[in-house]
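Here the structure comes first, spelled out in structure tokens, and everything after it is commentary.
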Amino acid sequence: MRTPFIAGNWKMYKTTAQALEFAGRFAAMDRPAGVNVALAAPFTQLAALKKKLEGSGIKLAAQNMHYEEEGAFTGEISAAMLREIGVDYCIIGHSERRQYFGETDDTVNQKVKKALGAGILPICCVGESLEIREAGEAAEYVSSQVRAALKDVSAGEAAQITIAYEPIWAIGTGRTATPGQAGEMCGLIRETLKELYGTDVSEKTVIQYGGSVKPSNASELMHTEHIDGALVGGASLVPEDFMDIVRF
Ligand code: 13P
């Protein structure tokens with residue numbers, strides 16, 4: 001059985017003071033057992049959040065990392081640096097990084113491998129643009145993103161990866177994919193994993209949906225076949241809203 005996994009992606013929001021205020025309130029609320037919860041915060045907040053969340057069971061995620069071990073890469077953060085803080089997960093290949101910061105299928109693949117090697121669990125993002133969807137090519141596109149992200153990744157390692165299906169047209173737009181659309185694409189991702197690694201891995205892999213998830217639509221999405229979790233942007237910024245989603 002796959003454990004539901006709800007992760008909040010704060011993107012470039014909140015100062016450390018605001019992050020700690022959120023964490024204090026959020027950790028004090030009643031949370032359902034059996035739901036894995038993570039907060040993906042900006043780099044500068046991670047160390048302080050790690051301390052604040054100690055003993056809460058809430059996991060910590062980074063939003064990006066570099067694929068090299070170390071070196072002359074001004075402004076970048078390595079997997080070892082994240083691991084040292086005690087970061088559990090790292091979002092890799094978010095569409096905003098692909099769109100604005102030149103990430104490619106190849107850099108996503110390198111980052112996935114580096115994260116796994118460093119003991120950080122990747123939350124690997126895939127998803128099509130509206131143009132690709134309207135051209136009827138979404139399935140093929142997303143399946144090829146998954147294959148590229150997992151190139152040279154062993155079955156044992158693949159089983160540790162979370163895949164987040166985030167259609168670009170649903171991110172920050174208020175236009176959520178219907179449960180039917182989201183479930184179909186998450187099912188296709190599972191089918192791709194099955195082709196690559198067999199049923200054991202494909203049935204174990206947690207697949208999240210992301211794109212305008214909010215308290216009002218979380219329950220229906222989470223009760224759709226093949227959707228095991230949510231990657232939540234805007235609605236993860238307010239503790240009560242995010243907790244409503246965690247309680248789906
Ligand atoms: P929104 O929930 O704000 O649409 O963002 C989704 C997202 O990009 C999460 O990574």
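Keep in mind that what you see is a predicted model, and the values were worked out from it rather than measured. Numbers for residues simply follow the sequence, beginning at 1. Just so you know, ligand 1 is whichever comes first in the structure, and atom 1 is the first atom listed for that ligand.
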Which of the numbered atoms in ligand 1 are under 4.0 angstrom from any heavy atom belonging to Gly211?
4 (O), 6 (C)
Please could you name the atoms of ligand 1 that Ser212 approaches to less than 4.0 Å, counting only its heavy atoms?
1 (P), 2 (O), 4 (O)
Any non-hydrogen atom of Gly210 lying under 4.0 Å from ligand 1?
no
Just heavy atoms, cut-off under 4.0 Å: does Lys214 contact ligand 1 by side chain, backbone, both, or neither?
neither
Closest non-hydrogen protein atom to atom 7 (C) of ligand 1, residue and atom name please, with distance?
Glu166 OE2, 3.2 Å
What atoms of ligand 1 come within less than 4.0 Å of a heavy atom belonging to Gly233?
1 (P), 2 (O), 3 (O), 5 (O), 6 (C), 9 (C)
Salt bridge (Lys or Arg N to Asp or Glu O under 4.0 Å) test vs Asp105 passes for just one of Arg98, Lys151, Lys111, namely Arg98
Have a look at ligand 1 and work out which part of Ala170, if any, has a heavy atom under 4.0 Å from it: side chain, backbone, both or neither.
backbone
Quick one: which of Gly172, Gly174, Ala235 has a heavy atom closest to atom 4 (O) of ligand 1?
Gly172
Please enumerate all residues that pass side chain to side chain donor-acceptor pair (under 3.5 Å) together with Lys59, with sequence neighbours excluded.
Asn36
Go through the side-chain N and O atoms of Gln63 and His94 and say whether any donor and acceptor fall under 3.5 Å apart.
no
What atoms of ligand 1 come within less than 4.0 Å of a heavy atom belonging to Leu231?
9 (C), 10 (O)
Tell me if a side-chain donor or acceptor on Arg190 pairs with a main-chain N or O of His226 at a distance below 3.5 Å.
yes
Using 4.0 Å as the upper bound for N to carboxylate O, is an ion pair formed by Lys14 and Glu21?
no
Identify the two heavy atoms, one from Ala79 and one from Ala118, that lie closest to each other, and give their separation to 0.1 Å.
CB-CB, 3.6 Å
Ranked by distance from atom 3 (O) of ligand 1, the top protein heavy atom is Gly234 N, 2.9 Å
Is the number of heavy atoms from other residues, nucleotides or ligands under 6.0 Å of Tyr13 OH greater than 12?
no
Numbering the atoms of ligand 1 from 1, which are under 4.0 Å from a heavy atom of Lys11?
5 (O), 6 (C), 7 (C), 8 (O)
Glu128 and Trp169: side-chain donor and acceptor closer than 3.5 Å?
yes
May I ask you to check if ligand 1 and Asn9 share an N or O to N or O distance below 3.5 Å?
yes
